[in-house]
Engineer: 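Got a structure for you, written out below as structure tokens; questions coming shortly.
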Amino acid sequence: MENTNFKSIIYKTSSDGKVAYIILNRPKHFNAIDQNIPAELRAAVRLANFDSKVHCIIIKGNGPGFCGGYDLGIYAEHAQRGQTEGSQDLCKGYDPFKDYLTMGEATECYSELFRSHKPTIAQVHGAAVAGGSDIALCCDLVVMADDARIGYPPSRAWGCPTTAMWAHRIGPEKAKRMLFTGDLIDGKEAASMGLVLMSVPEAELEETVNLLANRIKTVPINQLWMHKQVINSGIESSVRSSQRLATIFDGITRNSPEGIAFQNAAMLSGFKDAVKKRDEPGNSVSYRIKWKNRL
């Protein structure tokens, strides 16, 4: 059954009603996050949680990829992020609390996947980049295609991952490597470092995720809830405190001298050019080739 009340996602359940599917549905924009996705994502998770038939939730992307992050065509190139996400007119000074209220709300929406009473699985193909990685890594389990990419390039300038799930998944040293460089890694590397559960050929991705969901859905809902509560309880307080700090810092990065320069560059020459200059300095291609050879 499909719910038609959403604008930027699709919500439906399997024929037996035991699996809920949340599908990011802006394929022409690589499912980039618009003003609708955060709240609709939270609403869809709550629909599944209150559906007595649903045992687990799968989130995936329609079209060429999982999620390309925030729609910079809206939030950077046309300088509208402040209307919905937090960059401000600085002529009267920067107000971190105002920024925290707006970005904190988005963080809460993505974190609904982490707090969901029912298991959540991210099915990642194409790319889960920047805000897209926030969404994927809030899920209990992540399965990637071998050639899919995940990472947080805005850590180079104009962003800090507000859900702060990196260190909780892979520990401080590997998380620092990812955020100090802003590197994108493929599914195989993500699985090898323990960031995601597994990586499979893209042709096998959907079948693999469905096999996992079909196994999970044979467990009583109350059992699944209890196991998740026990495991999450060990990190909930640290996740909350990390998210609070990360959300504040995300606002600062977007309003720092470097953040303002990035946004101005995006307004002048387009976000693709600004991102290229931010993410591909010097011999980055050579660096990535040499780095992969050392893995």
Side-chain angles (χ1 to χ4, degrees), residues 6-9 22-42 59 61-88 98-113 122 124 126-138 149-166 178-179 182 184 243 246-256 258-267 269-279:
F6 298 110
K7 295 179 180 179
S8 297
I9 70 168
I22 300 173
I23 305 168
L24 305 177
N25 191 38
R26 301 187 72 227
K28 293 181 179 179
H29 303 277
F30 297 93
N31 298 318
I33 298 165
D34 64 359
Q35 67 273 23
N36 299 314
I37 282 179
E40 290 187 355
L41 180 61
R42 175 166 58 185
I59 179 168
N62 193 6
F66 180 80
C67 177
Y70 280 93
D71 191 333
L72 296 185
I74 299 172
Y75 298 126
E77 190 171 345
H78 300 300
Q80 294 176 7
R81 189 177 172 105
Q83 296 176 14
T84 54
E85 311 301 342
S87 289
Q88 298 172 20
K98 178 180 178 182
D99 202 293
Y100 181 81
L101 287 177
T102 51
M103 280 308 296
E105 181 67 13
T107 302
E108 287 293 306
C109 290
Y110 307 146
S111 297
E112 199 77 20
L113 292 159
V124 177
V129 177
S133 68
D134 277 327
I135 294 172
L137 297 181
C138 277
R149 296 171 298 151
I150 192 168
Y152 203 90
S155 66
R156 298 188 67 86
W158 217 65
C160 179
T162 63
T163 60
M165 297 304 295
W166 291 87
M178 292 300 299
L179 298 184
L184 292 176
Q243 288 180 345
T247 303
I248 293 170
F249 282 174
D250 182 63
I252 294 173
T253 66
R254 286 181 278 101
N255 294 285
S256 68
E258 296 83 1
I260 292 170
F262 171 80
Q263 185 164 342
N264 287 338
M267 291 170 64
S269 59
F271 76 87
K272 289 185 179 179
D273 185 63
V275 166
K276 183 177 180 180
K277 291 177 180 178
R278 178 194 69 186
D279 296 347

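Keep in mind that what you see is a predicted model, and the values were worked out from it rather than measured.
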Engineer: Report yes if some heavy atom in the side chain of Y152 is under 4.5 Å from a heavy atom in the side chain of M178; otherwise report no.
Structural biologist: no
Engineer: Can you tell if the side chain of P154 reaches within under 4.5 Å of the side chain of F262, non-hydrogen atoms only?
Structural biologist: no
Engineer: Quick one: are I150 and V129 in side-chain contact, heavy atoms under 4.5 Å?
Structural biologist: no
Engineer: Could you check whether any side-chain N or O of N255 sits under 3.5 Å from a backbone N or O of I260, counting only pairs where one atom can act as donor and the other as acceptor?
Structural biologist: no
Engineer: Could you tell me which non-hydrogen atom of I23 sits nearest to which non-hydrogen atom of G61, and how far apart they are?
Structural biologist: CG2-C, 4.2 Å
Engineer: Taking atom CH2 of W158 and atom CZ of F271, what is their separation to the nearest 0.5 Å?
Structural biologist: 11.0 Å
Engineer: Is it the case that the side chain of R42 and the backbone of Y110 share a donor-acceptor pair, with hydrogens and angles ignored and the cut-off at 3.5 Å?
Structural biologist: no
Engineer: Is there a side-chain contact between V275 and P153, using heavy atoms and a 4.5 Å cut-off?
Structural biologist: no
Engineer: State plainly whether the residues R26 and D71 are in salt-bridge range, i.e. N to O under 4.0 Å.
Structural biologist: yes
Engineer: Please check: side-chain N/O of N62 versus main-chain N/O of N25, any donor-acceptor pairing under 3.5 Å?
Structural biologist: no
Engineer: Kindly indicate whether the side chain of I33, heavy atoms from C-beta on, has any atom under 4.5 Å from the side chain of L24.
Structural biologist: no
Engineer: Please say whether more than 12 non-hydrogen atoms of neighbouring residues, nucleotides or ligands are located less than 6.0 Å from CZ in F30.
Structural biologist: no
Engineer: Are the side chain of R254 and the backbone N or O of G259 linked by a donor-acceptor pair below 3.5 Å?
Structural biologist: no
Engineer: Measure the SG-NE2 distance between C67 and H29 for me, rounded to the nearest 0.5 Å.
Structural biologist: 12.5 Å
Engineer: Working note: Q243 + S111, criterion side chain to side chain donor-acceptor pair (under 3.5 Å); need CA distance, chi angles, decisive distance, verdict.
Structural biologist: CA-CA 10 Å; Q243 288 180 345; S111 297; 3.0 Å; yes
Engineer: Drop me the distance from I9's CD1 to D34's CG, to the nearest 0.5 angstrom.
Structural biologist: 10.5 Å
Engineer: First locate atom CG of N36, then atom OG of S8, and finally report the distance between them rounded to the nearest 0.5 Å.
Structural biologist: 4.0 Å
Engineer: Is there a side chain to side chain donor-acceptor pair (under 3.5 Å) between T107 and T162? Walk through the geometry before answering.
Structural biologist: CA-CA 6 Å; T107 302; T162 63; 2.9 Å; yes
Engineer: For the CH2 atom of W166 and the CG atom of L179, what is their distance to the nearest 0.5 Å?
Structural biologist: 6.5 Å
Engineer: Could you report the tightest heavy-atom contact between A274 and S269, atom names first, then the distance?
Structural biologist: N-OG, 4.5 Å
Engineer: Tell me, with the steps shown, if I135 and F66 meet side chain to side chain contact (heavy atoms under 4.5 Å, CB included).
Structural biologist: CA-CA 10 Å; I135 294 172; F66 180 80; 4.0 Å; yes
Engineer: For the backbone of L41 and the side chain of E112, can you confirm whether one donor and one acceptor N or O come within less than 3.5 Å of each other?
Structural biologist: no
Engineer: Is T102 reaching over with its side chain to a backbone N or O of D99, donor-acceptor style, under 3.5 angstrom?
Structural biologist: yes
